[in-house]
J.: 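This is the structure, below, for whatever I ask next.
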Amino acid sequence: MNKVCIFYFSGTGMTKYIVNKIKQELKNQQVCVDCIKIENIEGVPDIHLISYDAVGIAYPVHSFNAPQIVLNFVKHLPETDFMDTFIINTAGEDHLINYASSNLLIKKLNKKGFKVFYNKLFAMPSNFVVKYDDKKIKELVDEADKKIPITVQNLIDRIPYLPSSSALVKIVAFIGRLEWYGAHILGKFFYAKNSCTRCGKCVNNCPNHNINIIKRRVKFHWNCGLCMRCIYNCPEQVINVHQPFKFLRFDNWYDPNIFIKKISKL
């Protein structure tokens, strides 16, 4: 393995963190790595993969599934006779119920000739509804760090790892796809408080182009993917949600002193 391309989608930063770590470890093993944000593929007429030995796709698990933006991204990939492919995903818990998240993605990749040989889940701090304490956050991040070298060596050695999921888990994942539609509705209930400075960071960071500023007011529309970038990257922390969804917690999910210091920019 000499050259790898990793396409990734990250909302609040956990998947990006893991991708950074994998990239660095691959480079330590003398493997050249290109990392490309999935949302940057939009509008690109051709994706050339002929120079790569393997392709990776990384994403956060959304309601036991890959995010819709990741599944839609596969449409942009070229047809291939055979391309070694690995999947990396992150979730708030390393639980069997999250193992089916890649099923539909793998099916779509297989139709295009991509051979998925590795599918690894990393447990990272929860960023939705449940907020972990700082001790657990640090434990999860440290444990993920320890698994990175092993994962990378497995990728280099082409060691297959494809966890299976039961019929019940597959059914739960199928039902979880309802979130794709629920996200559009919930996103419309987001709003920016009056203390918003209209810096435009949420507009620029939204992968679904769901936010704009009209007449000096931040407007949320009907195409939210519930990645929560707008909330977690708002410098003033002014984005909130209207009733009847106020019961959902959108607190900052980590202590920056624990997490951000570990992140290196791509």
Side-chain angles (χ1 to χ4, degrees), residues 8-22 38 56-71 87-105 119-148 151 161 163-166 168-180 182-183 186-187 190 205 207 224-234 237 239 241 245-263:
Y8 75 98
F9 176 72
S10 186
T12 58
M14 290 185 293
T15 302
K16 181 180 179 180
Y17 176 83
I18 295 297
V19 168
N20 276 332
K21 288 288 186 174
I22 290 175
I38 280 176
I57 298 177
Y59 65 86
V61 176
H62 283 188
S63 192
F64 321 124
N65 284 275
Q68 202 168 17
I69 190 173
V70 176
L71 296 169
I87 294 173
I88 302 295
N89 44 67
T90 60
E93 190 174 358
D94 185 2
H95 193 283
L96 289 173
I97 202 168
N98 287 315
Y99 289 178
S101 72
S102 299
N103 285 358
L104 184 56
L105 175 61
N119 183 15
K120 178 66 175 176
L121 174 72
F122 285 87
M124 292 291 278
S126 170
N127 60 7
F128 184 67
V129 181
V130 178
K131 183 181 179 182
Y132 296 159
D133 60 38
D134 289 349
K135 180 181 178 182
K136 185 171 183 179
I137 291 170
K138 188 175 187 304
E139 288 175 353
L140 286 171
V141 175
D142 288 345
E143 184 62 24
D145 288 347
K146 293 176 184 177
K147 293 179 179 179
I148 295 294
T151 297
Y161 180 69
S164 60
S165 50
S166 67
L168 178 59
V169 169
K170 291 177 181 177
I171 291 171
V172 172
F174 180 79
I175 295 172
R177 293 171 196 168
L178 290 172
E179 187 209 47
W180 297 339
L186 178 57
F190 288 144
N205 280 339
C224 180
L226 210 58
C227 72
M228 296 181 288
R229 274 192 203 168
C230 57
I231 293 171
Y232 287 95
N233 287 283
C234 177
Q237 297 183 19
I239 297 177
V241 63
F245 298 107
K246 279 191 174 292
F247 69 94
L248 295 174
R249 291 189 60 170
F250 294 106
D251 301 323
N252 283 343
W253 61 278
Y254 58 82
D255 176 356
N257 292 322
I258 293 175
F259 191 73
I260 291 181
K261 287 182 180 179
K262 287 175 168 280
I263 296 179

J.: Is any side-chain heavy atom of E143 closer than 4.5 Å to a side-chain heavy atom of K147?
T.: yes

J.: Do P67 and C227 come within less than 4.5 Å of each other through their side chains, counting heavy atoms only?
T.: no

J.: Would a 4.5 Å heavy-atom cut-off, applied to side chains only, mark K136 and P125 as touching?
T.: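 When only atoms from C-beta onward are counted, P125 and K136 do not touch, as no gap falls below 4.5 Å.
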
J.: Could you grab the distance from atom NZ of K16 to atom CZ of F9, nearest 0.5 Å is fine?
T.: 12.5 Å

J.: What are the two closest non-hydrogen atoms of I87 and S102, and how far apart are they?
T.: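 So the minimum-distance heavy-atom pair works out to CG2-OG, 3.6 Å.
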
J.: Indicate the atoms forming the closest heavy-atom contact of W180 with A66, along with that distance.
T.: NE1-O, 3.8 Å

J.: E179 and N65: side-chain contact (heavy atoms from CB on, under 4.5 Å), yes or no, with the steps?
T.: CA-CA 9 Å; E179 187 209 47; N65 284 275; over 6 Å; no

J.: As an exercise, state the distance from OH of Y17 to OG1 of T12, rounded to the nearest 0.5 Å.
T.: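 Result: 13.5 Å between the selected atoms.
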
J.: Enter the distance from I22:CD1 to I148:CD1 here, rounded to the nearest 0.5 Å.
T.: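 One finds 4.5 Å between CD1 of I22 and CD1 of I148.
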
J.: If you compare all heavy atoms of T90 against all heavy atoms of T15, which two are closest, and at what distance to 0.1 Å?
T.: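 That closest heavy-atom pairing would be OG1-OG1, 2.8 Å.
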
J.: Within the structure provided, determine whether R177 and L104 are in side-chain contact (heavy-atom separation under 4.5 Å).
T.: yes

J.: What is the distance from atom CD1 of I239 to atom CG of N233, rounded to the nearest 0.5 Å?
T.: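 If we round to the nearest 0.5 Å, I239:CD1 and N233:CG are 9.0 Å apart.
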
J.: What residues form a side chain to side chain contact (heavy atoms under 4.5 Å, CB included) with S165, not counting sequence neighbours?
T.: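 Testing S165 for side chain to side chain contact (heavy atoms under 4.5 Å, CB included), a comparison that skips the adjacent residues, returns A100, N103, V169, K170.
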
J.: Are the side chains of I88 and V19 in touch, meaning some heavy atoms are under 4.5 Å apart?
T.: no

J.: Could you list the residues that satisfy side chain to side chain contact (heavy atoms under 4.5 Å, CB included) with I97, not counting sequence neighbours?
T.: F64, H95, V172

J.: On a heavy-atom basis, which atom in I69 and which in I38 lie closest, and how many Å separate them?
T.: O-CG2, 3.9 Å

J.: Suppose we screen for ring-ring contact (aromatic ring centres under 6.0 Å, His included). Which residues come up paired with F174, at least two apart in sequence or across chains?
T.: none

J.: Taking side chain to side chain contact (heavy atoms under 4.5 Å, CB included) as the test, write out the residues that go with A183, two or more places apart.
T.: L226

J.: Who pairs with R229 by salt bridge (charged side-chain N to carboxylate O under 4.0 Å, His left out), at least two apart in sequence or on another chain?
T.: E39

J.: Please name the residue in the list V141, L140, D145, T151 that meets the side chain to side chain contact (heavy atoms under 4.5 Å, CB included) test with F122.
T.: T151

J.: Considering non-hydrogen atoms only, spot the tightest contact between A144 and I18 and give its length.
T.: CB-CD1, 3.9 Å

J.: For S101, what residues pass the side chain to side chain contact (heavy atoms under 4.5 Å, CB included) criterion, not counting sequence neighbours?
T.: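 Partners of S101 by the side chain to side chain contact (heavy atoms under 4.5 Å, CB included) criterion, ordered by chain and then number, come out as Y59, V61, N89.
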
